[in-house]
Asker: 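Sharing a structure with you now.
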Amino acid sequence: MKNRKLRMGMVGGGSDAFIGAIHRRAAFMDNQIELVCGCFSVDPEISKSSGLSYFLPEDRIYSTYQEMFEHEMTLPEGERMDFVTIVTPNRWHFEPAMMALERGFHVVVDKPMTFSLEEAKLLQKKVEETGLVLALTHVYSAYPAVKEAKARIAKGELGKLRRVYVEYTQGWLSERIELLGGNNAGWRTDPKRSGKAGCVGDIGTHAWHLSEYITGLKVKELCADLKAFVPGRPIDDDGAAFLRYENDVTGVLTATQIGTGEANNIRIRIYGENAGLEWRQMEPNTLTIKWRDRPTEILNIGNNGYLTPEALWNTRTPAGHPEGFIEAFANIYRNFSLTVRAIKNGETPSGDCLDFPTVYDGVRGMQFIETMVEAGYNDNVKWQKWID
């Protein structure tokens, strides 16, 4: 392809939305991508005003995503978008993603990938048929310290793994703020828009994915409990599970949005025969390794002297300068864009470029949700096999 930026379209992400701004900032960080079009809201007026505030021409601001795909297809190949980013409530992930793939556009989509497992499998099939790229924004897997943890475990430094503890605690839904309006709680607590799971789908999937990504092991079965603590809420705001991974590794997962006073407290601890490691998202540049037979190591991201190549590839600033949420999003966008660029040039993407969550992570995420819901409300079954 020509020496140019990839052209991005967007579904959702209007000026009244939180996550769309995060995606745009992250996508632009490496100067690989430019926004060229979008349908930014179900409200045509909000879509138009948002697009104008992003300095887009009026004829590339659309009232519906269907209109966007159809019109973009009529443009010369040198002008139309290359991929679309979908940042809508879960209920509206599948259809625009499928329409994009059917028309030859690559896709970036927020997690969970779809509204149902059936939809996720259809997207997987379409990705395999088309050879197009679908990236899923499990952002916490893209922090440099997480890359370091994964690489060290893959090299066997912790020895045989034994135990995983992973948690994601928030407190913003400790009260029924969804009734107030003007926030993101409305659709997240509405099963008609979020899907079968509330807290488990929103943040539990992040905790689960982080554990599988770092360990390289898949969950085989789980024992779960789900609950809606806030009176009148129709969907879970708290969940926990015992996990059984491959290779006889066991784990505990907790996810809650009623942890009063908590913000986004993500923490993972993994223990092996030789050592344990710990990472917290609220101290993102620090990875702690606790050795069985020597002093504890505290690794600081940005220090080129001892980090693995995997961490360095995803590190942007010298040691002491915090790298956080938007930079992690940017790592996904950077790797995705380099992969798409390589494919367009008829080249094979490098392993570093291919290191981002894909449609297969999306399918497993929906399987996780289905399995948690099946187990979480069933007191008669202790262990639930992973739902395929």
Asker: Should we count CD of E273 as having more than 12 external heavy atoms under 6.0 Å?
Answerer: yes

Asker: Are I46 and V11 in one and the same hydrophobic cluster, where Ile, Leu, Val, Met, Phe, Trp and Tyr link if side-chain heavy atoms are under 4.5 Å apart?
Answerer: no

Asker: Looking only at heavy atoms, which two atoms of D202 and H206 are closest? And how far apart?
Answerer: O-CD2, 3.7 Å

Asker: CD of E118 to CG of L123: how many Å apart, nearest 0.5 Å?
Answerer: 12.0 Å

Asker: Under a 4.5 Å cut-off applied to non-hydrogen side-chain atoms, are V36 and M8 in contact?
Answerer: no

Asker: Just wondering, more than 12 heavy atoms not from E347 lying within 6.0 Å of its CD?
Answerer: yes

Asker: How close do S141 and V146 get, counting heavy atoms only, and between which atoms?
Answerer: O-CG1, 3.8 Å

Asker: Quick check on K160: does its NZ atom have over 12 non-hydrogen neighbours (other residues, nucleotides or ligands) under 6.0 Å away?
Answerer: yes

Asker: Ring centroid separation for F83 and F336, is it under 6.0 angstrom?
Answerer: yes

Asker: What is the minimum heavy-atom distance between P284 and A145, and which atoms define it?
Answerer: O-CB, 3.4 Å

Asker: Taking 4.0 angstrom as the limit, do E212 and K218 come out as a salt bridge?
Answerer: no

Asker: Run through M99, M81, R7 and flag the one making a side-chain contact (heavy atoms from CB on, under 4.5 Å) with F105.
Answerer: M81

Asker: Which residue in the set K126, E128, K121 passes side-chain hydrogen bond (donor to acceptor under 3.5 Å, both in side chains) when paired with Q124?
Answerer: E128

Asker: Ring centroid separation for F40 and Y54, is it under 6.0 angstrom?
Answerer: yes

Asker: Would you check if there is a donor-acceptor pair between the side chains of Q384 and E374 at a distance under 3.5 Å?
Answerer: no

Asker: Are I301 and I270 in one and the same hydrophobic cluster, where Ile, Leu, Val, Met, Phe, Trp and Tyr link if side-chain heavy atoms are under 4.5 Å apart?
Answerer: yes

Asker: Using distance alone, with no hydrogens and no angle criterion, decide if S41 and S47 have a side-chain donor and acceptor under 3.5 Å apart.
Answerer: no

Asker: Test Q32 against every option in K5, R341, R4, R334 by the side-chain hydrogen bond (donor to acceptor under 3.5 Å, both in side chains) rule and name the one that passes.
Answerer: R341

Asker: Under a 4.5 Å cut-off applied to non-hydrogen side-chain atoms, are I289 and L299 in contact?
Answerer: yes

Asker: Under 3.5 Å, is there a donor-acceptor pair linking the side chains of Y245 and S211?
Answerer: yes

Asker: Name all residues meeting the ring-ring contact (aromatic ring centres under 6.0 Å, His included) criterion together with Y143; count only those two or more places apart in sequence or in a different chain, and write none if there are none.
Answerer: W279

Asker: Can you tell me how far apart CG (D110) and OG1 (T137) are? Round to the nearest 0.5 Å.
Answerer: 3.5 Å

Asker: Hey, does L210 have a side-chain heavy atom less than 4.5 Å from the side chain of I266?
Answerer: yes

Asker: Do we see a donor-acceptor contact under 3.5 Å between the side chains of R280 and N265?
Answerer: yes

Asker: Please state whether the rings of Y140 and F325 are parallel, tilted or perpendicular, taking 30° and 60° as the class boundaries.
Answerer: tilted

Asker: Looking only at heavy atoms, what is the nearest atom pair of T308 and A151, with distance?
Answerer: OG1-CB, 3.7 Å

Asker: Y168 and Q257: side-chain donor and acceptor closer than 3.5 Å?
Answerer: no

Asker: May I ask you to test the V164-V249 pair for a side-chain heavy-atom distance under 4.5 Å?
Answerer: yes

Asker: Do V340 and L6 have side chains that approach each other closer than 4.5 Å (heavy atoms only, starting at C-beta)?
Answerer: yes

Asker: When you check the gap from the basic side-chain N to the acidic O, do K344 and D82 get nearer than 4.0 Å?
Answerer: yes

Asker: Applying salt bridge (Lys or Arg N to Asp or Glu O under 4.0 Å) to E246 and K220, what does each step give before you reach the verdict?
Answerer: CA-CA 7 Å; E246 300 167 320; K220 299 190 302 180; over 6 Å; no

Asker: Any chain of hydrophobic side-chain contacts (each under 4.5 Å) joining I22 to W187?
Answerer: no

Asker: For the NZ atom on K155, are there more than 12 heavy atoms of other groups (residues, nucleotides or ligands in this structure) within a distance under 6.0 Å?
Answerer: yes

Asker: Decide, yes or no, whether a salt bridge links R152 with E157 under the criterion of side-chain N to carboxylate O below 4.0 Å.
Answerer: yes

Asker: Establish, from distance only, whether the side-chain atoms of N264 and Q170 form a donor-acceptor pair under 3.5 Å.
Answerer: yes

Asker: Would you give the length of the straight line joining atom OG1 of T358 to atom CE of M113, rounded to the nearest 0.5 angstrom?
Answerer: 8.5 Å

Asker: To the closest 0.5 Å, what do you measure between CD1 (I268) and CD (Q281)?
Answerer: 13.0 Å

Asker: Do F229 and V373 belong to the same hydrophobic cluster, where Ile, Leu, Val, Met, Phe, Trp and Tyr are linked whenever their side-chain heavy atoms lie under 4.5 Å apart, directly or via other members?
Answerer: no

Asker: Would you verify whether the NZ or CZ of R193 falls within 45 degrees of the ring axis of W92 while also being under 6.0 Å from that six-membered ring's centre?
Answerer: no

Asker: For the residue pair V127 and L134, what are the closest heavy atoms and their distance?
Answerer: CG2-CB, 4.0 Å

Asker: Mind listing the closest non-hydrogen atom pair of I203 and A255 along with its distance?
Answerer: CG1-CB, 4.1 Å

Asker: Main chain of W291, side chain of N274: is a donor-acceptor contact present, judged purely on distance under 3.5 Å?
Answerer: no

Asker: More than 12 heavy atoms of other residues, nucleotides or ligands under 6.0 Å from CZ of R25: is that the case?
Answerer: no

Asker: Assert yes or no for the condition that the ring centre distance of H71 to Y62 is strictly below 6.0 Å.
Answerer: yes

Asker: Using a strict cut-off of less than 4.0 Å between a Lys/Arg side-chain nitrogen and an Asp/Glu carboxylate oxygen, indicate whether D355 and K147 qualify as a salt bridge.
Answerer: yes

Asker: Around atom CG of D59, are there more than 12 heavy atoms of other residues, nucleotides or ligands at under 6.0 Å?
Answerer: yes

Asker: For the hydrophobic clusters of this structure (ILVMFWY residues joined by side-chain heavy atoms under 4.5 Å, transitively), does one cluster hold both F242 and M372?
Answerer: no

Asker: Give a yes or no on whether the ring-centroid distance for Y333 and H23 is below 6.0 angstrom.
Answerer: yes

Asker: Is the closest side-chain heavy-atom distance between L226 and V200 below 4.5 Å?
Answerer: yes

Asker: Quick one, H209 and R364 - any side-chain contact, counting heavy atoms below 4.5 Å?
Answerer: no

Asker: Does a side chain donor of either T169 or T256 reach within less than 3.5 Å of an acceptor in the other side chain?
Answerer: no

Asker: Measure the CZ-CD1 distance between F356 and I332 for me, rounded to the nearest 0.5 Å.
Answerer: 9.5 Å

Asker: Distance under 6.0 Å and angle within 45° of the ring axis: does R163 meet both against Y271?
Answerer: no

Asker: Would you call E178 and R233 a salt bridge, taking side-chain N to carboxylate O under 4.0 Å as the test?
Answerer: yes

Asker: Can a side-chain donor-acceptor contact be found between N335 and W313 if the only test is distance below 3.5 angstrom?
Answerer: yes

Asker: I want to check a possible cation-pi pair here: K150 against Y213, using under 6.0 Å from ring centre and within 45° of the ring axis as the test.
Answerer: yes

Asker: Tell me yes or no: between the side chains of E278 and T288, is some donor less than 3.5 Å from an acceptor?
Answerer: no

Asker: Any side-chain donor paired with an acceptor under 3.5 Å for R316 and N331?
Answerer: yes

Asker: With the side chain counted from C-beta on, respond yes when C37 and I61 share a heavy-atom pair under 4.5 Å apart, and no when they do not.
Answerer: no

Asker: With a sphere of 6.0 Å drawn around NZ of K111, does it hold more than 12 non-hydrogen atoms of other residues, nucleotides or ligands?
Answerer: yes

Asker: Would you indicate whether Y306, at its atom OH, is surrounded by more than 12 heavy atoms from other residues, nucleotides or ligands within a distance under 6.0 Å?
Answerer: yes

Asker: Could you grab the distance from atom OG1 of T64 to atom CD of E70, nearest 0.5 Å is fine?
Answerer: 9.0 Å

